[in-house]
Visitor: 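Questions regarding the structure given below will be posed in turn.
Just follow the structure's listing: the first ligand is 1, and inside any ligand the first atom is 1.
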Amino acid sequence: MNNPSSRSCSNMPVNKSQQIPIRLIIVWCALAMAGCKQTGNAPVAGELVGARREMTKDQRMQWWRQARFGMFIHWGVYSAPAGEWKGERVPGIGEWIMQRAKIPVAEYEQLAKQFNPVKFDADEWVRIAKDAGMKYIVITSKHHDGFCLWDSKVTDYDIMDATPFKRDVLKELSKAGKKHGIKLCLYHSIMDWHHPDAQAPFYPNYNDTSRSNPNFARYVENYLKPQVKELITQYGPLGVLWFDGEWIKDWTEPMGKDMYDYVRSLQPDIIINNRVGKGRKGMEGLSKSEEYAGDFGTPEQQIPPTGLPGVDWETCMTMNDTWGYKSYDHNWKSAEDLLHKLADIVSKGGNFLLNVGPTADGLIPEPSVERLRAMGQWMKVNNESIYGTTASPLGRLPWGRCTAKPGKLYLHVFDWPTNGKLTVPNLTSEIKRAYLLADKKASNLAVSRQEDGQVVITVPAEAPDRINTVVVLIIKK
Ligand code: FHN
């Protein structure tokens with residue numbers, strides 16, 4: 001009597017000829033996947049990976065280019081001292097307090113013992129991002145101080161083993177993201193001030209870029225890569241892996257390329273920023289050339305002066321002057337300024353990654369929530385002029401910015417014409433129709449072309465939205 005399980009586990013009548021092909025396909029898939037994993041080589045666009053064809057870069061970047069707006073979250077044990085050490089205010093960005101206050105590893109580790117964010121609510125954070133009109137979240141899984149916000153098997157210096165909180169924050173955010181349709185992305189620091197094979201021995205100057213650690217390769221193979229694998233395989237699929245801290249002496253472009261391929265072999269459709277390698281031109285953030293590893297450029301705290309046709313880039317920016325929470329940093333940008341920056345960035349073909357620095361008890365500071373709420377109100381009415389748009393074809397505009405879609409232009413008017421005449425320079429296309437995006441009836445606005453070729457649109461005397469009113473132009477393709 002045959003043993004059913006050995007022949008066909010489903011007990012369905014299966015004829016001999018049918019059995020072989022199915023098994024063969026399964027074995028072949030496994031081999032192909034293993035081959036890919038073993039080589040750690042990034043799959044090539046169009047290549048068959050297991051049973052599916054590899055995505056082109058355009059296909060991989062599609063959701064990201066559509067999204068345009070995301071939330072950056074800097075959170076960790078540095079949120080507890082909140083910019084003060086031993087009663088002294090420590091200048092500079094809050095997440096660098098270990099370096100700025102020259103705190104020895106053993107002393108800094110004690111912070112984990114007091115990190116207990118009982119007010120942390122993953123759903124609440126994801127909802128705040130979603131209601132602001134953001135489509136993805138990039139959270140610091142591990143920043144330069146080495147503390148890990150997930151249950152890592154390669155260290156006890158994490159939220160499960162080193163804190164009284166003992167909840168896997170990344171697991172909860174991953175779940176909430178799936179529930180609310182917000183893509184989870186992870187920031188991960190290559191530089192590590194806590195690990196003995198990385199920069200810990202450089203104390204008191206952990207960020208000493210002239211020094212090298214002879215055991216750094218061991219850190220990469222036995223710690224950095226295994227943790228990256230944990231993050232992708234246990235909290236994925238991720239949208240983006242957002243590397244940082246690549247400026248250290250021991251990190252090289254070949255290591256960056258190897259890491260890029262390794263990560264893509266674990267999740268072929270993932271997107272990886274250009275800080276995986278050494279291509280970044282400082283805070284300007286764009287890559288020196290296409291040779292360098294990474295899928296998009298990362299300007300920091302600045303916006304490129306012009307559009308960059310064919311280049312994927314994302315400006316990351318703070319709402320005040322720090323990424324990690326500082327209790328006394330109240331230098332908040334206004335919601336108006338942030339909305340103008342969003343339109344400016346998208347009008348140049350970029351994404352905007354706007355930061356929040358939650359408190360040690362797990363709350364996003366109220367001034368940040370207020371500004372995100374205001375941005376959300378504008379996005380509710382005007383998101384068509386942001387999502388999936390491309391850079392302006394009109395160059396500089398005196399009263400605002402412009403974003404584009406095939407056959408459509410979105411004029412973002414910051415300075416409303418008091419005479420009710422909006423003049424649009426450099427627009428040669430034939431205009432079919434013009435209307436206010438906020439006007440549900442989309443009533444026609446009068447359009448004329450002056451002798452000097454400039455287009456004039458007659459608009460209401462009052463701006464429907466004093467921060468940014470969008471006028472839509474339907475143009476001949
Ligand atoms: O050193 C970090 C800093 O703490 C912060 O994380 C920013 C965010 O992009 N990146 C580095 C500075 O370039």
Visitor: What residue and heavy atom of the protein are closest to atom 12 (C) of ligand 1, and at what distance?
Guide: E300 OE2, 3.2 Å
Visitor: If you look only at pairs with a residue in residues 82-113, which of them pass as a ring-ring contact (aromatic ring centres under 6.0 Å, His included), with sequence neighbours excluded?
Guide: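 Sorted pair list: W96-H144, W96-W193.
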Visitor: Mind telling me whether H340 and F414 have parallel, tilted or perpendicular rings, with 30° and 60° as the class edges?
Guide: parallel
Visitor: Distance under 4.0 Å to a non-hydrogen atom of W96: what atoms of ligand 1 satisfy this?
Guide: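 By the 4.0 Å cutoff, the relevant atoms are 1 (O), 2 (C), 3 (C), 4 (O).
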Visitor: State whether the shortest distance between N or O atoms of W242 and N or O atoms of ligand 1 falls below 3.5 angstrom.
Guide: no
Visitor: Is it the case that over 12 heavy atoms from other parts of the model lie below 6.0 angstrom from the NZ atom of K171?
Guide: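 Correct, the count exceeds 12.
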Visitor: Using the ring centroid of each side chain, check whether F115 and W75 are separated by less than 6.0 Å.
Guide: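 Between W75 and F115, which both carry aromatic rings, the centre distance is below 6.0 Å.
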Visitor: Within a 6.0 Å radius of atom CZ on R396, are there more than 12 heavy atoms belonging to other residues, nucleotides or ligands?
Guide: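 At most 12 heavy atoms, drawn from other residues, nucleotides or ligands, come within 6.0 Å of this atom.
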Visitor: In terms of residue, atom name and distance, what is the protein heavy atom nearest to atom 4 (O) of ligand 1?
Guide: E95 OE2, 2.6 Å
Visitor: Number the atoms of ligand 1 from 1 as they appear, then name those within less than 4.0 Å of a heavy atom of H143, with their elements.
Guide: 3 (C), 4 (O), 5 (C), 6 (O)
Visitor: What are the atoms of ligand 1, with element, lying closer than 4.0 Å to any heavy atom of R275?
Guide: 9 (O), 10 (N), 13 (O)
Visitor: Return yes if a side-chain donor-acceptor contact under 3.5 Å exists between T318 and N355, otherwise no.
Guide: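 No.
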Visitor: Applying a heavy-atom cut-off of 4.0 Å, say which part of E246 lies close to ligand 1: side chain, backbone, both or neither.
Guide: neither
Visitor: For atom 6 (O) of ligand 1, what's the nearest protein heavy atom and its distance?
Guide: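 Checked against all protein heavy atoms, atom 6 (O) of ligand 1 sits closest to H74 NE2, 2.7 Å.
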Visitor: Going by salt bridge (charged side-chain N to carboxylate O under 4.0 Å, His left out), name the residues that satisfy it together with E384, two or more places apart in sequence or in a different chain.
Guide: K408
Visitor: Would W247 count as being in polar contact with ligand 1, using the rule that some N or O on each side must be under 3.5 angstrom apart?
Guide: no
Visitor: What atoms in ligand 1 come closer than 4.0 Å to a heavy atom of C316?
Guide: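 By the 4.0 Å cutoff, the relevant atoms are 9 (O).
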Visitor: Checking the N or O distance criterion of under 3.5 Å, is ligand 1 in contact with W323?
Guide: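 No, W323 has no N/O under 3.5 Å of an N/O on ligand 1.
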Visitor: Name the closest protein heavy atom to atom 10 (N) of ligand 1, giving the residue it belongs to and the distance to 0.1 Å.
Guide: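 Of the protein heavy atoms, D244 OD2, 2.7 Å lies nearest.
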Visitor: State the CG-OG1 distance between N382 and T469, to the nearest 0.5 angstrom.
Guide: 7.5 Å
